Asks: 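Here's a structure for you.
Order of appearance sets the numbers: ligands from 1, and atoms from 1 within every ligand. This one's a predicted model, so the numbers in the text were calculated from it and none came from an experiment.
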Amino acid sequence: MCGIVGYLGEKDAFPILINGLKKLEYRGYDSSGIALLNGKLDVFKKMGKVTELENFVLKQKHIGNIGIGHTRWATHGGPSDKNAHPHNSMHGIFTVVHNGIIENYSTLKEDLLKQGFSFQSETDTEVLANLIEFFYKQDNEINAESAIQLALLKVVGAYGIAVLCKNEKDKIIAARKGSPLVIGIGNGEYFVASDASPIAEFTSQVVYLNNEDIAIIQKDGFTLKNVQNNPVSLKVSQLNLEIGEFNKGNYEHFMLKEIYEQPATIEETFRGRLKPDYSEIVLGGLIYVFPKIQKAERIIIIGCGTSWHAALIGEYLIEEFAQVPVEVEYASEFRYRKPVLGKSDVVILISQSGETADTLAALHLANEKGATVIGICNVVGSTLARETEAGVYTHAGIEIGVASTKAFTAQVTVLTMFALKLAKTKGTIEIDEYQKLVKELSGIPEKGRIILQSNEKIKLIAEKYKDAVNALYLGRGILFPVALEGALKLKEISYIHAEGYAAGEMKHGPIALVDDNLPVIVVAPRDDYYEKIVSNIQEVKARKGNVIAIVTEGDKRLIELANDCIEIPNSHPAIAPLLAVIPLQLLAYHIALLRGCDVDQPRNLAKSVTVE
Ligand code: AGP
């Protein structure tokens, strides 16, 4: 949510900043801006995508070896040139880019108005810029970092900021609380960014800022302190990102590329974790906590959006195989409830980005309550990964499409391994069944490749339903969360209202929606619920609904009954979510494309939701 980039070195800063912003655009894309420090501060801002900013700046003089940039996802104040970042302080001494929310900005603003400050925008960030300038002008002796530090002590809320000061011509000052920031250490040059994507092509040496860290970056090095003015030691980490991951390759969109990557990413998720003879699952990151997990009286899985859907699948798997009670919570609810939680509980937090504000708040609450807290996360070095006691990386590679696809199947793969491992350790699964399932899991990539061959067929189905106003997704058992995920994919990228329902619940309300305009997408492979879901399909057909069924290959009965069918290879029901979701992702993709929607950057959304 909002992307920050900064550069300080010998090179021309503008191309580095603009390319960095393009890589960060998935975090927010309603406006963008950059500031260059070149003896004076030149600030350029534009509503719209980063290319609009680029075209705007290219027509003007844009010199500087030090600069900061920002791509915005609006919180305070709508998308506009004036609300775009960077924000200058009233006398132009400071310019600030900010990710996060200053919760007490209205009180601070009132105080600053009384002090004679005026404001050009509706943003909380401009309040921070003026607050910094207020402290700076109070005392002739004070330098930029001390003024920033004093201002941050007054701030309630979350921030990742990068600041330039017109009077201190060789510095970028960056600070974080809640919103992530990483510093790249190059050869005589430094980078600041919200995540490592703009940095990876220049250096693999990075320092992740911790909460309340302030970094003072200059050509001859950088120092860290915290807002309380205590020195902080540097911990340099090694990045492991492939540059190719940031390109669409031959695909029209990142989302399509990421859907197609799934056979490979699922394989990557279990690589080295499944013994070749299927006798063992090794989750290295959990070795030390596994004895506690084994004794857990309850497991609580927490996430948001797609990660929450993966959590629901985890609930079915863990309860079925390991027979441990599981609860699944929305992080945004859990963090504000007064949950009953203690030392005997295990809390699993799931997040692709590892930076979702609600999920991190849930993490802190679970830690306070003394539970064993573990993470399932995709982004290496993210806050979730660093602040959980132990965890499992999903290894899906960078996911750029705002609609999560490969991260979801990677999360489900981890949860499947987790459930089976726990079941085996607790002795709640027969060894034959265990080995059969591990073998099935290892065969998923091949089956996934087969499903992807239906792409053209799915495109034709999308043609038929692209003008729908509403859509209903139905599934039963472990495939109910898959129906939820299918509906989320459709609504977030095509803006068609879609609801996911447990098929058995349809008769309790949603059936009233069924008419000849409603596409009903039913996840109906052959499993224990098959006969029941066939009855649900009959009920929809009897009311003239259009059924698009996801069925096991060769299922003649449903191929005849449904209006359209997408076949998936036969699999053990516990593994079926990994397959059944792929056609739903493709269907949403093609419908969105046919409706002319921006698939990779859908309106109002951002990839990483680092505000409440
Ligand atoms: C999914 O397509 C989403 N755009 C969104 O629901 C996402 O899954 C959610 O914001 C959670 O993100 P996280 O996994 O990075 O925590």
Asks: Does an N or O anywhere in V402 fall below 3.5 Å from an N or O of ligand 1?
Replies: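 For ligand 1, there is an N or O atom that lies under 3.5 Å from one belonging to V402.
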
Asks: Taking the six-membered ring of F290, is the NZ or CZ of K421 close enough (under 6.0 Å from the centre) and on axis enough (within 45°)?
Replies: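 Yes, K421 lies over the aromatic ring of F290.
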
Asks: Is R595 close enough and on-axis enough to Y495, meaning under 6.0 Å and within 45°, for cation-pi?
Replies: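 Geometry flag: not set, cation outside 6.0 Å or 45°.
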
Asks: Specify the protein heavy atom at minimum distance from atom 6 (O) of ligand 1: its residue, its atom name, and the distance to 0.1 Å.
Replies: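 Answer for atom 6 (O) of ligand 1: G305 CA, 3.2 Å.
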
Asks: Shortest non-hydrogen contact from A174 to L181?
Replies: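 That would be CB-CD1, 4.0 Å.
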
Asks: Quick one: side chain to side chain contact (heavy atoms under 4.5 Å, CB included) partners of A357, sequence neighbours excluded?
Replies: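 With neighbours one apart ignored, the set is empty.
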
Asks: Where is the nearest protein heavy atom to atom 1 (C) of ligand 1: which residue, which atom, and how far?
Replies: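 Looking at atom 1 (C) of ligand 1, the protein heavy atom closest to it is T306 OG1, 3.0 Å.
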
Asks: May I ask you to decide whether E456 forms a salt bridge with K459, counting only side-chain N to carboxylate O separations under 4.0 Å?
Replies: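 Counted as a salt bridge, because a side-chain N and a carboxylate O are separated by less than 4.0 Å.
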
Asks: Using distance only, find each side-chain donor-acceptor pair of residues 390-401 under 3.5 Å and give its atom names and separation, not counting sequence neighbours.
Replies:
{"unit_1": "Y393", "atom_1": "OH", "unit_2": "G381", "atom_2": "N", "d": "3.0"}
{"unit_1": "T394", "atom_1": "OG1", "unit_2": "C377", "atom_2": "O", "d": "3.3"}
{"unit_1": "T394", "atom_1": "OG1", "unit_2": "N378", "atom_2": "OD1", "d": "2.9"}
{"unit_1": "E399", "atom_1": "OE1", "unit_2": "S404", "atom_2": "OG", "d": "2.9"}
{"unit_1": "E399", "atom_1": "OE1", "unit_2": "K607", "atom_2": "NZ", "d": "2.6"}
{"unit_1": "E399", "atom_1": "OE2", "unit_2": "S404", "atom_2": "OG", "d": "3.4"}
{"unit_1": "E399", "atom_1": "OE2", "unit_2": "T405", "atom_2": "N", "d": "2.8"}
{"unit_1": "E399", "atom_1": "OE2", "unit_2": "K406", "atom_2": "N", "d": "3.2"}
{"unit_1": "E399", "atom_1": "OE2", "unit_2": "A407", "atom_2": "N", "d": "3.0"}

Asks: Considering both backbone and side-chain atoms of T359, is one of its nitrogen or oxygen atoms within less than 3.5 Å of a nitrogen or oxygen in ligand 1?
Replies: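 No: no nitrogen or oxygen of T359 is under 3.5 Å from one in ligand 1.
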
Asks: Please determine if S353 has a nitrogen or oxygen closer than 3.5 Å to a nitrogen or oxygen of ligand 1.
Replies: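 So ligand 1 has an N or O lying under 3.5 Å from an N or O of S353.
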
Asks: In the protein, what heavy atom is nearest to atom 16 (O) of ligand 1, and what distance, to one decimal place, separates them?
Replies: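 Ranked first by proximity to atom 16 (O) of ligand 1 is T356 OG1, 2.4 Å.
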
Asks: Would you mind telling me if ligand 1 is within reach of the side chain of E492, the backbone, both or neither, using heavy atoms under 4.0 Å?
Replies: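 Under 4.0 Å from ligand 1, E492 contributes side-chain atoms alone.
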
